[in-house]
Number of protein chains: 2
Amino acid sequence: MVAQRGRRNGAAAHKRTRGGATPDADNAPTAEIPAVAENGADPEVRAKSIPEAAVARLAVYLRILSAMAEQGATTVSSEELSTAAGVNSAKLRKDLSYLGSYGTRGVGYEVAVLVGQIERVLGLTRQHKVAVVGIGNLGHALANYGGFPGRGFPVEALFDIDPDLIGVPVGGIPVTHLDDIPQVCADRQISIGVIATPPAAAQTVCDRLVEGGVQCILNFAPVVLQVPEHVEVRKVDLAVELQILSFHVARRADNEPNGKVAESTVAGNGAVLQS
Amino acid sequence: MVAQRGRRNGAAAHKRTRGGATPDADNAPTAEIPAVAENGADPEVRAKSIPEAAVARLAVYLRILSAMAEQGATTVSSEELSTAAGVNSAKLRKDLSYLGSYGTRGVGYEVAVLVGQIERVLGLTRQHKVAVVGIGNLGHALANYGGFPGRGFPVEALFDIDPDLIGVPVGGIPVTHLDDIPQVCADRQISIGVIATPPAAAQTVCDRLVEGGVQCILNFAPVVLQVPEHVEVRKVDLAVELQILSFHVARRADNEPNGKVAESTVAGNGAVLQS
DNA sequence: CCTTGTGAATTAATTCACAGCT
DNA sequence: AGCTGTGAATTAATTCACAAGG
């Protein structure tokens, strides 16, 4: 059907360079997979083309499932899991179906199996070394996470420009100067760079990370980064988040002219809910 | 079975209460406006139903436009602005069209006009008082932003559970105990609550914020919050962001198999490489 | 000529609804 | 009986492409 031609891989050089990606709705170009992947390596149905939106939710399911496993649960139904994740069960099942068919009809899913499959699809069986750039308030907080979510994302390098910080260990790792980013990232095989610098420094830092071979960037600076197209950027933007909330407040105020309605909510305004 | 049992508010059995929202693609139920709005209030074309995705981008455009204005630019074309924002120009124009028609064909847009219109639509002409809960590393960082993005989001209350912190001013504001959340939020008319607590505390804190009349929550805790449906939740989830990046790394590795399988990459053994 | 603004076309994401298996 | 898995239907978001207007 769609013959999705057009995407030229060769030189292309379309300066796509999109690096924006609001934590919200922007970051979502759909993770199309070129459909190639003949592989033949895996007996399982290799991931074919999981929608980006589903990927984000799978990560959420994974966390919930891990918690359930820790509490001793061995199986879970789509209804339970979807409720815990705040989505509806049809969406959840559709999302899980991208993993393959690991449920048992009439019963549900085995928690351990789902955990394993989600980890596989998200690539969490590999390790992804992280570098944090900008050891201010936020960078400090990030560095102290010490090996981010669970294991799998060890922080292996810290960078800042402040001479007083260079060499000082934060969360066990000594801070290196910004100038050494390319070198150190290349040496330590950093795969994810986290930018927590002031906005003015962000693009330069980004360029150096790319120079050092970093392919993925998580950007906390309120700047739209320009990157070559093989680099993946995700953005966490506080200002944008707050402004989106502001929009919703304003919208509510516009629609519901009078001041309060408090909890008449529930069935009250059918307008806002989905179906 | 973790908790989800008690979440029944009112009748409505499964009435949603979504609070998840991955910073990415999850947070995006499309900001449909109830269509009611007989309006008749504004001479301008009142916001009719801006797509959620567009709202997020408008916030980005706003920042870029503000920077341009500061540099003395007075007009801008869709091409320029879209490049700076990392989107294509058609999308940009479509987004701006939700504001009304403020461009001049053959010329472009007046920067100042766009800034004003975006601020209007995002509700940035109001003030939104913010409370930060959880004054750890992250909360500290947030509190010190002191009046978040530019103006319009003053931090007016800080909360924590640690007795050593109570009363201590952070960024000029004394920390109050978690127990006083409902009271203080109601008194100070807080409209946005930021949750930066450990995951275990997040739901309780959330409940108290809601009790205090807070309608919007920005959640940094890795937990899916359950909230009544009139409350808007946005989530910033570090783990999810990293896992999405991980997914893209894996995807690339699968598609672009330089060597065959190269080094023990794909699944198989959990322990890959050193640590 | 410009560049905007927008219907129409396309593509992605979500939801429905039910067949199929346990 | 019950729950998964998934085509089909629906709804949202993006992109195209060009008429309209300075």
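Below, chains carry the letters A, B, ... as their sequence lines are ordered, and counting in each starts from 1. Hydrogens, waters and symmetry mates are skipped; everything else that's a heavy atom, side chains included, is used. These figures come from a predicted structure and were not determined experimentally.
- Legend: residues meeting side-chain contact (heavy atoms from CB on, under 4.5 Å) with B/Arg105, ordered by chain and number and at least two apart, are absent.
- The list of side-chain hydrogen bond (donor to acceptor under 3.5 Å, both in side chains) pairs with a residue in residues 65-76 of chain B, not counting sequence neighbours, is empty.
- The residue among A/Val107 and A/Lys94 whose nearest nucleotide of DNA chain D lies closer to the 5′ end is A/Val107.
- A side-chain donor-acceptor contact under 3.5 Å links B/His128 to the backbone of B/Gly123.
- Rounding to whole angstrom units, CG of residue B/Asn88 and C1' of C/dT6 are separated by 15 Å.
- When the side-chain nitrogen and oxygen atoms of A/Arg57 are compared with OP1 and OP2 of C/dA13, none of them lie within a distance under 4.0 Å.
- In this structure A/Ser77 satisfies the side-chain contact (heavy atoms from CB on, under 4.5 Å) test together with A/Glu79, A/Glu80, sequence neighbours excluded.
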Enumerate all atom pairs, one protein N or O and one N or O from nucleotides 17-20 of chain C, separated by less than 3.5 Å.
{"residue": "C/dG20", "atom": "N3", "partner": "A/Arg105", "partner atom": "NH1", "Å": "3.3"}

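- Atom NZ in B/Lys91 sits roughly 18 Å away from atom C1' in C/dT4 (whole-Å rounding).
- Distance A/Tyr102 OH to C/dC21 C1': 18 Å, rounded to the nearest Å.
- With rounding to whole Å, A/Glu79 atom CD is found 14 Å from C/dT15 atom P.
- Partners of B/Tyr61 by side chain to side chain donor-acceptor pair (under 3.5 Å), not counting sequence neighbours, listed by chain and number: B/Asp95.
- Taking for each of A/Asp95 and B/Gly103 the nucleotide of DNA chain C with the nearest heavy atom, the 5'-most of the two is the partner of B/Gly103.
- Residues from residues 108-116 of chain A lying near DNA chain D, meaning a heavy-atom separation below 4.0 Å, are A/Gly108, A/Tyr109 in numerical order.
- Following rounding to the nearest Å, A/Leu58 (CG) and C/dA13 (P) show an atom-to-atom distance of 13 Å.
- B/Glu241 places no side-chain N or O within donor-acceptor distance of the main-chain N or O of A/Val236, the cut-off being under 3.5 Å.
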Q.
With side-chain contact (heavy atoms from CB on, under 4.5 Å) as the criterion, how do B/Ser246 and B/Arg251 come out once you've worked through the C-alpha distance, each side chain's angles and the decisive distance to 0.1 Å?
A. CA-CA 8 Å; B/Ser246 167; B/Arg251 153 75 65 266; over 6 Å; no
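- With rounding to whole Å, A/Glu52 atom CD is found 14 Å from D/dA13 atom C1'.
- If you take CG of B/Leu92 and P of D/dC16, they are 15 Å apart, rounded to a whole angstrom.
- Around the CD atom of A/Glu110, the shell of radius 6.0 Å holds no more than 12 heavy atoms that belong to other residues, nucleotides or ligands.
- Note that the CD1 atom of A/Ile244 and the CZ atom of B/Arg57 stand 10.5 Å from one another [nearest 0.5 Å].
- OP1 or OP2 of C/dT3 has not a single side-chain nitrogen or oxygen of B/Ser78 nearer than 4.0 Å.
- For the pair B/Ile50 CD1 and D/dA13 P, the interatomic distance rounds to 12 Å; values are reported in whole Å.
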